[in-house]
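Labels below follow one simple rule: chain letters A, B, ... track the order of the sequence lines, proteins then strands, and each chain is numbered from 1.
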2 protein chains.
Amino acid sequence: MTGYKTIGKSTPFIDAAEKVTGRAVYTTDMKFPNMLYGKILRSTIPHGRIVGIDTSEAEKLPGVEAVITAKDTPLIKFGIFHEDWYILAHEKVRFAGDEVAAVAAINEDIAGEALKLIKVHYEELPAVFDPKEAAQPDAVDINGVKNNIASKFHVERGNVDQAFEESHLIIEKDFYTTQVYQAYMETMAAVVKPEDNGRLTFYLPIQIPSKTRVTYAKALGMKIEDIHVIQPTTGGGFGAKMETVLHLIAAVLAQKTGKPVRIINTREEDFEGGNPRVPMHFHVKMGFSKEGMIKAKDLVLYAGAGGRACYGVPVLGTACFRHDQLYKYENVRANGYLVYTNMVPSGCFRGFGNSQGTFCIECIMDEAAEKLGIDPADIRLRNAVYPGFVSCHGWVINSCLLQECITKAVEAAQWQEKRKEKKSGRGIGLACCNHVSGYSAFFPPFHGSAAVIRMNMDGKFLVMSGEIEIGQGQKTAFAMMAAEALDVPLENVRMAPIDTDYIPFGLGCWASRSTALGGKAIQNAAEDLKGKILQFVSQEYGIAVEQLSIANGVVVNTQGEEITDLSEIGRKYLYKTNGSYLYGQGYVDPGTVVPDMATKMGNPSITYPFACHIAEVDVDVETGVVKVIDYVAAHDVGKVINPMGAEGQIEGGVAMGIGWALTENMVYQNGVLKNSHFLDYRLPGSKDVPDMKSIFLESNDPNTGFGSKGLGEPAINPVVPAIANAIHDAVGIRLTELPFTPDKVLKAIQEKKKNKEGEPCRNF
Amino acid sequence: MTGYKTIGKSTPFIDAAEKVTGRAVYTTDMKFPNMLYGKILRSTIPHGRIVGIDTSEAEKLPGVEAVITAKDTPLIKFGIFHEDWYILAHEKVRFAGDEVAAVAAINEDIAGEALKLIKVHYEELPAVFDPKEAAQPDAVDINGVKNNIASKFHVERGNVDQAFEESHLIIEKDFYTTQVYQAYMETMAAVVKPEDNGRLTFYLPIQIPSKTRVTYAKALGMKIEDIHVIQPTTGGGFGAKMETVLHLIAAVLAQKTGKPVRIINTREEDFEGGNPRVPMHFHVKMGFSKEGMIKAKDLVLYAGAGGRACYGVPVLGTACFRHDQLYKYENVRANGYLVYTNMVPSGCFRGFGNSQGTFCIECIMDEAAEKLGIDPADIRLRNAVYPGFVSCHGWVINSCLLQECITKAVEAAQWQEKRKEKKSGRGIGLACCNHVSGYSAFFPPFHGSAAVIRMNMDGKFLVMSGEIEIGQGQKTAFAMMAAEALDVPLENVRMAPIDTDYIPFGLGCWASRSTALGGKAIQNAAEDLKGKILQFVSQEYGIAVEQLSIANGVVVNTQGEEITDLSEIGRKYLYKTNGSYLYGQGYVDPGTVVPDMATKMGNPSITYPFACHIAEVDVDVETGVVKVIDYVAAHDVGKVINPMGAEGQIEGGVAMGIGWALTENMVYQNGVLKNSHFLDYRLPGSKDVPDMKSIFLESNDPNTGFGSKGLGEPAINPVVPAIANAIHDAVGIRLTELPFTPDKVLKAIQEKKKNKEGEPCRNF
């Protein structure tokens with residue numbers, strides 16, 4: 001924790017300058033000789049049979065080089081956790097926005113004109129949008145599976161029914177979470193360039209450049225290594241930029257024309273074809289002892305997959321049982337159903353189901369505290385997991401400062417004082433969360449990370465990791481960790497851009513895994529390289545290797561005297577080996593246990609982060625407008641690598657959570673998305689986001705990169721319930737349906753006044 | 001020699017398809033956000049003092065973002081073998097074409113307009129163009145060195161004067177070679193992109209991506225690793241695409257504007273600012289015994305550096321003494337002078353001085369044979385070096401099939417029959433050459449090559465070499481060698497593109513070094529990787545590593561039974577090591593001896609190639625037009641890696657030699673180049689080049705990559721003297737001044753008729 005030279009110090013992002021000066025090259029900036037521009041024709045109806053597609057007029061348009069429909073694609077069924085994807089809609093469309101045909105033309109205008117010339121004849125089918133309705137036996141069939149259920153999740157531990165019987169207090173409620181859009185700066189895009197030997201080079205703004213190749217190879221009937229992925233600068237992702245048919249459509253157009261093809265989503269297309277948050281309907285029942293100890297939990301969940309399943313499958317499981325590791329549960333049951341609907345297919349979004357689940361649990365915890373007359377912070381402290389705890393699902397809580405997060409947050413937020421202070425319309429709410437740092441079930445063959453470091457001829461270092469930067473500051477954190485591990489100045493370290501021909505196979509940016517796992521691999525590669533450097537110095541200078549070390553970029557002996565500079569060694573090594581560079585390789589095997597398919601027992605993450613958030617809100621009782629006015633976020637983040645970056649993660653996560661809580665929602669009318677642009681889809685602006693106080697509690701996990709833990713997702717998980725609980729504290733209403741828009745707030749206040757809710761009315 | 005699965009089989013170039021389909025990305029195809037277009041203002045006079053440069057009007061032109069003159073550059077003197085370069089002309093201009101100022105603008109038209117607005121005030125100075133004249137004490141001073149002599153070369157062995165006294169026949173003549181242009185398809189170009197941390201990424205069509213960095217770092221006052229070079233597809237080089245100020249001008253413009261800057265030469269600019277062949281004036285005296293054995297040689301050489309020296313320094317030495325290793329010389333003396341002139345600076349061109357020297361020697365050999373009544377083939381056989389021979393300069397001729405080249409060429413050309421056949425205007429001529437495969441004095445720290453090979457997850461291989469492809473088929477040869485060494489199918493090998501962040505530090509494409517040295521490094525890296533693969537298989541399958549080998553991409557045991565496929569191993573290794581790939585590294589230390597600066601003793605190349613060419617010509621005695629009608633080229637090329645590629649090298653080299661012999665020449669008028677385009681600078685067309693017969697003699701050098709030797713340069717070295725000797729055989733004239741244009745031929749024929757030359761008149 002102490003004695004570090006680079007990590008732990010706030011460091012501006014190493015790629016900040018190129019971004020703010022416009023030098024960074026995004027996918028939209030890429031051009032190649034003979035490059036064509038692709039456009040996708042999307043279904044205008046939410047559900048229907050494709051009777052015929054007439055592309056003849058489009059094909060005749062001068063400048064059009066290819067028009068494709070499903071028949072031009074390999075027609076291989078593929079998918080992520082569920083093989084229900086085709087590259088283009090085959091026989092049916094399942095949502096308004098479904099990809100029906102595509103064109104490649106010499107410019108975007110012609111491509112756009114060509115789309116208008118394609119005639120699609122649909123036979124419309126009834127459509128269904130609510131996952132619970134869609135799971136009814138009489139619902140219309142969307143994907144040929146019984147009751148439209150794409151995936152089920154069941155887990156049960158202890159004796160749930162008996163535990164409810166023994167409970168002093170039982171709370172049972174429904175919660176509704178919305179389909180929200182990740183709203184990254186850069187829309188989805190691809191340039192796909194056909195190479196000799198049938199290889200395809202994909203230039204993709206993507207979170208999983210290595211892992212994508214496995215899926216795309218299957219979809220295209222190609223070999224994994226023939227899918228070459230380069231990640232240009234990427235403008236955000238938040239879970240959305242995983243596999244998408246857009247990339248594959250560009251690939252098929254490139255194969256068909258033999259030319260590079262670029263497709264860039266407009267913002268509207270991005271809403272329609274994206275990968276938004278899985279909307280969920282929860283029914284949660286929790287039992288408590290008189291002292292506030294959780295006795296039992298039973299959760300039933302219907303999650304809306306949209307027209308095809310994707311990461312909805314693991315999102316479902318996550319929403320069902322990941323939060324079971326936050327408190328000392330013994331008796332839990334969860335039954336979850338991922339159900340096809342005729343909405344935009346939903347998937348990964350920061351928090352990944354755990355945000356949805358945390359909303360329910362943390363609202364119920366607040367209500368239980370109130371009903372039992374316990375301080376909301378206190379009820380959580382009583383139930384909180386601790387270091388060494390093994391959950392009912394087998395998860396081993398190695399390092400844990402959850403209790404400290406709660407006490408520090410409470411202290412910093414003046415929780416006690418503010419709870420006592422009764423100011424009209426103002427309230428304060430608290431929520432906790434746990435999360436993972438990687439998840440071993442996502443790519444079962446392995447779950448660690450690998451790194452390669454090359455010492456260059458000036459004694460500086462090039463770090464190759466397959467884990468990626470999408471704006472979160474990963475490159476900077478990695479460079480800092482490499483500099484620390486090598487004991488060289490930060491400016492002597494560069495991060496290699498992501499090109500699957502050079503980087504290790506990295507699983508990518510999801511499950512808040514990169515720093516903990518990728519960082520550890522870099523640490524190990526640095527150790528390997530350091531050993532080789534010192535071995536070479538030992539030979540060159542005739543000094544025993546045990547007497548040598550690197551300090552601040554210089555090789556020193558045990559007396560701390562400089563033996564040689566690394567730039568000297570870089571050059572000497574290069575000359576001696578006729579142009580070779582010295583490489584260090586390292587990897588981390590996290591020792592995780594993939595949860596068993598049947599029993600769900602396992603230990604899927606190398607470490608587990610925790611957090612406690614406290615929100616303070618003002619509720620305008622005349623208008624129903626909720627404003628978050630203060631915010632404290634305390635995180636057990638292991639070891640903070642870059643405080644400035646970590647604060648940015650928290651501030652971004654909280655802002656995103658505020659949007660989800662208060663204003664954002666994808667609104668459909670007759671199955672067609674009606675607010676696919678930022679005029680009607682309201683993101684929080686800077687005035688909607690309060691000053692925040694970030695508190696870092698460093699549990700320094702022994703297994704991860706410098707003891708770090710994931711932070712990206714814990715930063716959003718508790719935001720919605722903290723706000724919900726603050727609203728309750730302010731105006732005595734318990735909102736359970738997102739977003740907490742003024743109309744809902746006003747309606748709840750009015751019903752409250754009529755005392756309909758049957759709850760004590762505070763602050764009124 | 002036998003038993004190879006891949007090498008030795010004619011193989012289409014692996015990058016042919018991308019080139020012919022237009023998919024290949026050249027520097028001209030590159031675009032970046034905010035990219036600016038640079039243009040260079042060149043001196044219109046051959047010699048003058050710069051009194052003033054007014055850039056104010058150019059700076060005011062909307063769209064112009066930078067105008068630079070010498071004062072905006074670091075003003076560090078730098079150079080290759082001689083530090084007489086500035087990035088832009090400083091105080092003086094030394095040739096018409098000298099780089100005086102440059103602009104960067106938002107498009108090329110504006111950049112061109114801006115050039116017109118720059119006013120340069122020169123004080124003109126007398127100019128000198130002939131190197132011998134320029135070396136006179138009263139000549140105008142060009143670069144501040146005595147007698148304008150940029151570099152001297154002196155070597156002397158044995159007792160030259162005494163050996164001349166003992167000679168039976170002495171021939172003493174002058175030879176004049178021309179400044180010719182390499183005439184590659186793609187002109188010189190650069191895109192330079194400023195990166196964060198002050199690094200610059202250079203996209204350069206260049207032969208020496210790694211080595212360039214050393215020079216450019218010095219010129220820009222930067223560190224070598226901050227010069228990041230990427231080589232896009234490159235359209236030929238032939239020696240010209242070494243360091244050039246164009247790249248540095250783009251760099252300074254990029255630094256000044258903070259934006260990527262692209263500069264592309266027009267063909268005219270490329271002629272004026274290029275790096276053409278060093279023009280030379282030789283005085284050569286050779287003494288022979290009655291039996292045709294060479295007794296002594298004395299050579300005096302004035303070489304024209306042009307306005308600044310560059311590779312002219314080693315070209316001078318090469319022209320002075322490289323050909324001394326062709327025959328068993330004991331008594332040789334050479335005095336060479338590289339002299340500044342006010343012509344375009346000259347440098348590397350395929351053959352590198354040895355072509356010029358070979359022209360003189362091989363014409364004299366022909367004349368000596370004639371005068372001594374010995375068959376020209378025979379006189380060479382008598383003098384030819386042989387395996388195990390150590391030259392008077394210390395060069396060790398390890399493998400050598402020179403004598404076999406002569407006998408095989410003679411046989412294939414029907415030499416005896418055609419010599420006897422006396423057809424009017426038709427003649428046959430023979431010439432030999434030796435060359436090197438790399439040259440250790442060019443970058444004295446090392447002279448070998450290094451390679452890295454990565455096994456991918458499909459068990460295919462990515463080969464990283466710093467040696468490069470410029471159209472000669474190097475990539476294909478390397479891929480074949482890697483496939484052979486790994487014992488996998490060729491399609492399982494890919495060559496990594498040239499990016500100095502990933503490739504080893506390769507010395508690059510010059511001195512016919514890449515296949516012999518780079519290939520050996522690849523062979524060694526493949527052996528290293530094979531060992532690691534088999535070690536892993538041994539562990540996984542519990543079979544002793546000694547019992548395992550790879551055959552056709554499959555791991556087999558001693559009985560030849562398949563144990564596992566490499567794709568299985570690639571995947572297994574990746575999974576087991578959490579995303580790591582297996583790397584093999586290798587390098588070759590050629591054991592060469594850098595020629596001593598003072599004594600010139602050394603052994604600079606790992607191996608030495610040899611060749612014998614026979615040309616048959618028709619001379620039109622009415623018009624003086626010479627037409628080459630048949631051609632045989634026999635080469636000791638070590639081991640032929642790709643026969644199709646090797647034939648291409650020979651055919652290209654011979655065609656280029658025909659142009660040099662008959663039509664090409666850079667013509668100046670008052671010091672200004674007058675034929676800087678292909679209308680007036682006449683390259684041979686397909687009708688000027690005869691069918692050729694290529695004969696390969698495989699000496700299988702024990703030290704090089706699969707026994708290969710350099711071929712690129714030996715292919716041009718003997719062409720001019722073979723044609724000159726054939727012209728003599730046809731019409732009895734001995735031409736000593738290039739090119740052999742109709743006017744010179746006619747004039748010589750007329751003088752011959754007047755019997756002025758005093759030689760027996762054949763065929764008339």
Tell me, out of A:Tyr502, A:Tyr581, A:Tyr575, who's got the most heavy-atom pairs with chain B below 4.5 Å. A:Tyr502
Just by distance, do the side chain of A:Asn578 and the backbone of B:Ala450 share a donor-acceptor pair under 3.5 Å? no
Distance-only, no hydrogens or angles: does the A:Asp196 side chain make a donor-acceptor pair with backbone N or O of B:Glu18 under 3.5 Å? yes
Looking at B:Asp501, B:Leu462, B:Val25, B:Ile14, which one has more heavy-atom pairs under 4.5 Å with chain A than the rest? B:Asp501
Under 3.5 Å: donor-acceptor pair, side chain of A:Arg213, backbone of A:Lys223: no
Part of A:Ala525 lying under 4.5 Å from any heavy atom of chain B: neither
Measuring heavy-atom distances to chain B, does A:Ser567 have an atom under 4.5 Å in its side chain, in its backbone, in both, or in neither? neither
Would you mind checking which part of A:Ile503 comes under 4.5 Å of any heavy atom in chain B, side chain (CB onward), backbone (N, CA, C, O), both or neither? backbone
Checked A:Pro445, A:Ala521, A:Ala16 vs chain B; the most non-hydrogen pairs under 4.5 Å come from A:Pro445
Relative to chain B, which segment of A:Thr21 carries a heavy atom at a distance below 4.5 Å: side chain, backbone, both, or neither? backbone
Applying a strict 4.5 Å limit to non-hydrogen atoms, the region of A:Pro444 in contact with chain B is neither
Using non-hydrogen atoms only, which part of A:Pro260 is less than 4.5 Å away from chain B: side chain, backbone, both, or neither? neither
Evaluate the ring planes of A:Tyr583 and B:Tyr583, with Trp represented by its six-membered ring, and classify them as parallel (under 30°), tilted (30 to 60°) or perpendicular (over 60°). parallel
Under a 4.5 Å heavy-atom cut-off, does chain B meet the side chain of A:Met464, its backbone, both or neither? side chain
Name the orientation class of the two ring planes belonging to B:Phe32 and B:Tyr203 (parallel below 30°, tilted from 30 to 60°, perpendicular beyond 60°). tilted
Check the side chains of A:Glu65 and A:Thr257 for a donor-acceptor pair under 3.5 angstrom, ignoring hydrogens and angles. no
Which atoms of A:Lys31 approach chain B - backbone, side chain, both or neither, heavy atom under 4.5 Å: both
Measure distances from A:Val588 to the heavy atoms of chain B and classify the residue's part below 4.5 Å as side chain, backbone, both or neither. backbone
What residue, out of B:Arg571, B:Arg494, B:Lys259, has the most heavy-atom pairs lying under 4.5 Å from chain A? B:Arg494
Looking at A:Ala496, A:Ala24, A:Pro194, which makes the most heavy-atom pairs under 4.5 Å with chain B? A:Pro194
Ranked by heavy-atom pairs below 4.5 Å to chain B, first place among A:Pro33, A:Gly22, A:Pro504, A:Gly258 goes to A:Pro33
By a 4.5 Å heavy-atom criterion (distance strictly below it), what part of A:Lys193 contacts chain B: side chain, backbone, both, or neither? side chain
Proximity breakdown for A:Arg454 and chain B, heavy-atom pairs closer than 4.5 Å: side chain
Given that the side chain runs from C-beta out, which part of A:Arg199 has a heavy atom under 4.5 Å from chain B: side chain, backbone, both or neither? side chain
Using non-hydrogen atoms only, which part of A:Asn34 is less than 4.5 Å away from chain B: side chain, backbone, both, or neither? side chain
Quick check on B:Tyr26 against chain A: is it the side chain, the backbone, both or neither that has a heavy atom closer than 4.5 Å? neither
Are more than 12 heavy atoms from other residues, nucleotides or ligands located less than 6.0 Å from atom NZ of B:Lys19? yes
By a 4.5 Å heavy-atom criterion (distance strictly below it), what part of A:Glu491 contacts chain B: side chain, backbone, both, or neither? neither
